Structure formats: structure tokens, C-alpha cells
Amino acid sequence: MHGSNEIYSDLDTLSHAAAQGFMELADRYIEKQGRFNVALAGGSTPRRMYEYLATDEFTDRIDWSRVFFYFGDERSVPHDHPDSNYRMARLALFDRVTIPPSNIHPFDTELEVRKSAASYARLLLNTLPREEGLPCFDLILLGMGPDGHTASLFPATCILHDERLAAAVYVEKLHSWRLSLTYPVINNAAHVWLLVAGEGKSGILKELASGKGADYPVNGVQPRGELKWYLDRDAASLLEGVQ
Ligand code: 6PG
């Protein structure tokens with residue numbers, strides 16, 4: 001299991017800690033370069049963290065005008081669809097803080113998926129600083145599915161080998177298209193945080209920690225910068241003595 005990990009008693013304390021870390025990192029990068037470029041994770045786990053960022057404890061301590069939001073992946077649905085990662089982040093955070101709409105970059109899900117992915121790749125090239133010639137996020141937030149996928153990098157899919165910066169992928173078991181950043185961008189980030197909670201993830205974490213999870217897509221997340229896992233006790237329950 002690459003990177004470092006912090007284990008919290010439950011999802012709520014994990015989310016609060018991640019929000020605190022987000023605020024500290026945002027301050028550091030805004031101080032250093034005048035902006036903070038972050039890609040958000042989808043799914044359900046990060047929602048509480050986003051909600052915490054919108055609370056009085058954090059919202060007035062972050063200069064939102066200098067925070068620029070992108071997405072690690074998106075479902076191929078309209079932005080007002082219940083499955084939309086953009087919608088989840090909008091309800092949990094964007095609608096509750098004062099942030100210029102031009103600071104928020106969702107995937108364009110009205111476009112044909114391949115055109116949307118190509119458009120997003122151009123956006124990354126045109127708006128992010130480069131490190132070693134590739135767009136460089138200050139922070140990428142990720143989750144992990146029960147099959148070891150992360151973002152929309154699902155097992156046995158062609159996107160795992162895609163050298164483009166963003167790609168469309170048809171996920172057979174979900175019978176749906178997804179849009180996602182690819183490993184070249186994810187692994188070029190300065191900080192990658194994986195938020196993983198719940199007993200359903202404990203078996204995969206044990207395999208990863210014991211070196212048996214080589215084929216899980218999440219194992220391909222090996223950024224040049226920091227990799228940190230925010231785990232709750234249930235997800236980490238099988239890690240005792242493994243690491
Ligand atoms: C998505 C996410 C995906 C998610 C995992 C974990 O669009 O669903 O990007 O990679 O992080 O599936 O999802 P949960 O947090 O809901 O367990």
C-alpha cells in the first residue's frame with residue numbers, strides 16, 4: 001500500500017480532518033502561487049468533507065476566489081442528475097460558499113463522451129501549471145470502490161493504459177459511460193489523498209497492505225508527490241499487523 005495513512009474513528013472525524021488538511025494546503029498554495037488547483041472525488045465518501053468546508057469553521061478561512069475546482073471523474077449524466085458528481089459537490093459545497101462560477105470546471109456531459117474527454121484534456125493543458133510537461137494539480141481527491149477502482153479507472157478497462165490526460169470509458173458492469181482523469185495526470189499531482197471508509201473496503205485495503213493488490217487500479221496511483229490515505233476504523237479494521 002503506497003503512501004502514508006491516517007486512521008480516524010469514523011467517517012465524520014475523517015471528513016473533518018480532511019477538511020482541515022484542505023484548508024491548510026489551500027493556504028499554503030495560495031500563499032506560494034496565488035491559487036489552489038484541486039480535483040474533487042465523486043461518489044458518497046467525500047460528501048461530508050465538502051459539507052464541512054462549507055461550515056463556519058472553515059468557509060471564512062479559505063479564500064475561495066483563489067481556489068479552482070476540477071473533477072477527477074464524472075458520470076455521463078446531466079449536471080442535475082442524482083448520479084452527477086458535479087451535482088453532489090454543488091449541493092454540498094459550491095452552493096454554500098462564495099466562489100466565482102468561473103472557478104469551477106465540471107466535465108461537459110452534454111457533449112459526446114469522447115469529445116467531452118478531449119475538451120477536458122485541453123482545459124487541463126490551458127489552465128493548469130505544468131510539471132515535466134504535464135498538467136499538475138496541487139491536490140487530487142480520490143475514493144476507492146469495492147473492486148479497487150478509483151476515479152473511473154475500473155479493473156480490466158482500456159483507460160488504465162490511456163496516455164491521454166482525460167478519457168471516456170464504458171464500464172460494462174455499470175452499463176454506463178464514465179469520464180475520468182488518467183494515471184499520467186493523477187500521478188503528476190503534488191498531493192493525492194484517498195478517502196476510504198466503511199467495512200466494505202477493508203478486504204481490499206488488507207490485500208493492498210500485504211502487497212497482493214497489484215492489479216487493483218487504485219494500486220496504480222503512485223504520484224510523484226504526496227500520497228495519503230484518510231481511512232476510518234472500519235475500512236482499516238484488517239490492517240492490524242499487516243503493514
Ligand atoms: C465515482 C467516484 C468513484 C468513487 C468510488 C467510491 O464517480 O463514483 O469517482 O471512484 O470514489 O466508487 O465511491 P464511494 O465513496 O461512494 O464508496
Side-chain angles (χ1 to χ4, degrees), residues 1-8 11 14 18 39-46 71-75 85 117 121 124 131-137 139-243:
M1 192 162 154
H2 305 284
S4 63
N5 67 65
E6 295 173 358
I7 300 172
Y8 297 90
L11 177 58
L14 180 163
L40 296 180
S44 57
T45 302
F71 287 81
D73 74 327
E74 185 57 278
R75 292 83 180 276
N85 288 336
L124 301 181
E131 272 295 329
E132 294 165 27
L134 289 174
C136 176
F137 279 100
L139 173 62
I140 296 181
L141 295 171
L142 294 172
M144 184 186 76
D147 59 355
H149 81 262
T150 189
S152 285
L153 305 176
F154 283 83
T157 57
C158 51
I159 195 172
L160 298 178
H161 313 288
D162 204 313
E163 290 298 309
R164 288 170 292 184
L165 304 176
V169 55
Y170 186 74
V171 185
E172 287 291 343
K173 63 180 166 185
L174 298 178
H175 309 295
S176 64
W177 282 93
R178 292 283 191 98
L179 293 156
S180 183
L181 300 184
T182 55
Y183 283 130
V185 177
I186 291 170
N187 286 331
N188 203 41
H191 302 266
V192 176
W193 296 350
L194 275 148
L195 278 61
V196 181
E199 195 174 354
K201 314 282 175 77
S202 60
I204 291 216
L205 287 174
K206 180 183 180 183
E207 288 185 73
L208 289 166
S210 52
K212 298 195 183 95
D215 294 338
Y216 291 127
V218 72
N219 195 54
V221 175
Q222 300 177 30
R224 63 178 183 84
E226 172 200 41
L227 174 62
K228 180 155 70 171
W229 298 73
Y230 283 81
L231 306 174
D232 76 347
R233 199 174 289 153
D234 287 346
S237 57
L238 302 177
L239 292 184
E240 276 303 302
V242 171
Q243 287 179 306

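Bear in mind that the values here come from a model prediction, so they are computed numbers and not experimental data.
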Asks: Where do A18 and L195 come nearest, in terms of heavy atoms and distance?
Replies: CB-CD2, 4.3 Å
Asks: With a 4.5 Å cut-off on side-chain heavy atoms, are H175 and Y170 touching?
Replies: yes
Asks: What closest approach, in Å, do A117 and A166 show between heavy atoms, and which atom pair accounts for it?
Replies: O-CB, 3.7 Å
Asks: Would you indicate whether the side-chain heavy atoms of D73 and L179 approach each other to under 4.5 Å?
Replies: no
Asks: Looking only at non-hydrogen atoms, find the nearest pair between A189 and P223 and report the distance.
Replies: O-CB, 4.0 Å
Asks: Does L134 reach the side chain of R224, with side-chain heavy atoms less than 4.5 Å apart?
Replies: no
Asks: At what distance, to the nearest 0.5 angstrom, does CZ of R233 lie from CD of E199?
Replies: 13.0 Å
Asks: Heavy atoms, side chains only, cut-off 4.5 Å: are R178 and R75 in contact?
Replies: yes
Asks: In Å, rounded to the nearest 0.5 Å, how long is the span from CG of L181 to CZ of F137?
Replies: 5.5 Å
Asks: Any non-hydrogen side-chain atom of V196 less than 4.5 Å from a side-chain atom of I204?
Replies: no
Asks: Between N188 and V185, does the side-chain contact (heavy atoms from CB on, under 4.5 Å) criterion hold? Intermediate values first, please.
Replies: CA-CA 5 Å; N188 203 41; V185 177; 5.7 Å; no
Asks: Of the options L205, T150, T45, which is the one that meets L194 in a side-chain contact (heavy atoms from CB on, under 4.5 Å)?
Replies: T150
Asks: If you look only at pairs with a residue in residues 139-158, which of them pass as a salt bridge (Lys or Arg N to Asp or Glu O under 4.0 Å), with sequence neighbours excluded?
Replies: D147-K173
Asks: Any donor and acceptor pair, going by atom type alone, linking the side chain of W229 with main-chain N or O of H2 inside 3.5 Å?
Replies: yes
Asks: First locate atom CG of D234, then atom NZ of K201, and finally report the distance between them rounded to the nearest 0.5 Å.
Replies: 11.5 Å
Asks: Determine whether a donor-acceptor pair (N or O, by modelled atom type, separation under 3.5 Å) exists between the side chain of T182 and the backbone of E163.
Replies: no
Asks: Looking at every heavy atom in both A39 and G72, which two are closest together, and how far apart are they?
Replies: CB-N, 4.1 Å
Asks: Under a 4.5 Å cut-off applied to non-hydrogen side-chain atoms, are P155 and D215 in contact?
Replies: no
Asks: Would you give the length of the straight line joining atom CG of L239 to atom CE of M1, rounded to the nearest 0.5 angstrom?
Replies: 5.5 Å
Asks: Can you check side-chain contact (heavy atoms from CB on, under 4.5 Å) on L153 and S180, steps first, answer last?
Replies: CA-CA 7 Å; L153 305 176; S180 183; 4.1 Å; yes
Asks: Measure the CD1-OH distance between I159 and Y183 for me, rounded to the nearest 0.5 Å.
Replies: 9.5 Å
Asks: Kindly say whether N219 contributes a backbone atom to a donor-acceptor pair with the side chain of Q222 at under 3.5 angstrom?
Replies: yes
Asks: Before giving the answer on side-chain contact (heavy atoms from CB on, under 4.5 Å), spell out for L40 and N85 the whole-Å C-alpha distance, their side-chain angles and the decisive distance to 0.1 Å.
Replies: CA-CA 9 Å; L40 296 180; N85 288 336; over 6 Å; no
Asks: So, taking the atom named CG in L142 and the one named OH in Y230, what distance separates them when rounded to the nearest 0.5 Å?
Replies: 13.0 Å
